[in-house]
Protein chains: 2
Amino acid sequence: MNRSKKDRILDAAEQLFSERGFDGVSMRNVADTAEVGLGLVTYHFTTKDVLFEDVVTRRAEVLNSERRKLLSELDNPSLEELLEAFFEPYRRFIASGSKGWRAYARLHAILTQDSRWTDLAARSFGAVALEMVERIMMAEPAISRGEAVRGYVHVIGIMVSVFAETGLIDRFSDGAISSRDVATSISPMVRFGAAGIRALAISETAASAPLVTLNS
Amino acid sequence: MNRSKKDRILDAAEQLFSERGFDGVSMRNVADTAEVGLGLVTYHFTTKDVLFEDVVTRRAEVLNSERRKLLSELDNPSLEELLEAFFEPYRRFIASGSKGWRAYARLHAILTQDSRWTDLAARSFGAVALEMVERIMMAEPAISRGEAVRGYVHVIGIMVSVFAETGLIDRFSDGAISSRDVATSISPMVRFGAAGIRALAISETAASAPLVTLNS
DNA sequence: GTCTATAATCAGATAGAC
DNA sequence: GTCTATCTGATTATAGAC
């Protein structure tokens, strides 16, 4: 059977939103790409905002459940094991070649960077984020809650820039590294993030003197 | 004297683009905010694309020249000193309370994340980026060029997410950390980034076995 | 340099036929 | 569920007056 027209609309919207952002896409645009009438889009989703939300939450639920599953299997994990379990489902979905998941990863970058969607982002990813912060604190007992949050947020900043495959790294490495080769990006990202978080923990006990003099 | 109307247009455009992205802003919108006629906007900038480019390049030139100046003063710096010099001008501009610079930082996040502006980003920040990669390799001789590029790109991912002040960290830390307190974010960011880059260097010699099994 | 007027197109949302 | 038609208003870009 064909996938339903509702799914076709979600797929088209996902693709277009990921390429041109919320405001760069019109409802007509979505309808045309999905090859359905405009009325059907508003029948299913009422407004453009609802459509965007539904696009985001659809795969967020899949991602969250996979992440929870992997995290629940970890017993007293190191930071590296923790981050690997966090990245692994996303990596698997993207590396499967799914056009939808690759579009979703770009959308994810838009979501975390735009304050208009902070609420939606918190609803979609907040629960697993809090679980990650707790787990970071267990893996690295010397860290404070504040620094664990900071470490997690930095990891997210790296993750979305890597999974969004913007081509920045291709450019600066003269093609030696491809941003589309997500699989080989995971291991460096895990090591970078784990070492970074550890550096945040250490700093609080030892090097708590500010490196930067504040003169403003 | 009042600042020129051309500058008022650039300021208005910067503010609006940073809040709603390229497609979320209309030329009329810019004209109204700048309190000038619509025709004057197209007289000075012809098209919306040119306006966006000019907004980006205006402060990029200021930022680049300050960064180059600080970098040129460093003699055989550690990774921490290198990153601190890289962040410091941006921190100073943002912490000065300048509304324009804070808007610009959000715009910077949009720029690095959207593949439509990869060319513009490379033109605006590419030269200093290459200098940073060279400096990273000097500070950490064990690292390959590819991994130095990767480390730099990760640092940029963290930097834009921090300077964009999206409020993500406020939310997850229950207000214990404010994303708007950019000054106190620098020192952790420096330590996180430096430790992360070192972990990339080490991994190439020692732990080169992949942490993730590739099954796709 | 500055602004008004307008052309040609496209936007989101709704009403209603099938 | 599906689509056509349409309302109302906004969009970029241009032409031309001052």
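Order of the sequence lines fixes the chain letters, A, B, ..., with proteins taken first and strands second; residue numbering starts at 1 for each chain. Only a predicted model underlies this, so the values are computations on that prediction, with no experimental measurement involved.
- In this structure, B/Lys6 is positioned above the aromatic face of B/Phe45, its NZ or CZ under 6.0 Å from the six-membered ring centre and within 45° of the axis.
- Within 4.0 Å (heavy atoms only), B/Val30 reaches no atom of the nucleic acid at all.
- Rounded to whole Å, atom P of C/dA11 lies 11 Å from atom CG of B/Asp23.
- A donor-acceptor contact closer than 3.5 angstrom links the side chains of A/Arg191 and A/Ser187.
- Nucleotide C/dG12 holds its P atom 11 Å from the CG atom of A/Asp49, rounded to whole Å.
- For the salt bridge (Lys or Arg N to Asp or Glu O under 4.0 Å) condition, no pair includes a residue of residues 173-184 of chain B, sequence neighbours left out.
- Listed pair B/Ser26 / D/dA10 fails the phosphate criterion, with no side-chain N or O lying under 4.0 Å from OP1 or OP2.
- In terms of position on DNA chain D, the residue among B/Met27 and A/Leu38 whose nearest nucleotide sits closer to the 5' end is A/Leu38.
- Residue A/Lys6 is out of contact with every strand shown, counting any heavy-atom pair closer than 4.0 Å.
- Per the geometry, CZ belonging to A/Phe22 stands 8 Å off P belonging to C/dG12, to the nearest Å.
- For A/Tyr43 and A/Asn29, each mapped to the nucleotide of DNA chain C holding its nearest heavy atom, the one lying further toward the 5' end belongs to A/Asn29.
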Atom pairs and distances, donor-acceptor, side-chain atoms in residues 130-137 of chain B, under 3.5 Å, two or more places apart:
unit_1	atom_1	unit_2	atom_2	d
B/Glu134	OE2	B/Arg145	NH1	2.8
B/Arg135	NH2	B/Leu71	O	2.4

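- Among the heavy atoms of the strands, none lies under 4.0 Å from B/Val41.
- Atom CZ of A/Phe52 is separated from atom P of C/dG12 by 14 Å (rounded to the nearest Å).
- With contacts defined as side-chain heavy-atom distances shorter than 4.5 Å, the pair B/Ile156/B/Phe86 qualifies.
- Distance NE2 (A/His44) to P (C/dT14): 16 Å, rounded to an integer number of Å.
- Among the atoms of the strands shown, base atoms are found under 4.0 Å from some heavy atom of A/Thr42.
- Across the protein-nucleic acid pair, A/Asp7 atom CG and D/dG1 atom C1' stand 14 Å apart, rounded to whole Å.
- The listed nucleotides are C/dC3, D/dT2, C/dG12; the one nearest the side chain of A/Lys5 is D/dT2.
- The CG atom of A/Asp32 sits 15 Å away from the C1' atom of D/dT2 (whole-angstrom rounding).
- Nucleotide D/dA13 holds its C1' atom 14 Å from the CG atom of B/Leu51, rounded to whole Å.
- You'll find that the side chain of A/Thr47 is closest to C/dA13, out of C/dT2, C/dA13, D/dG1.
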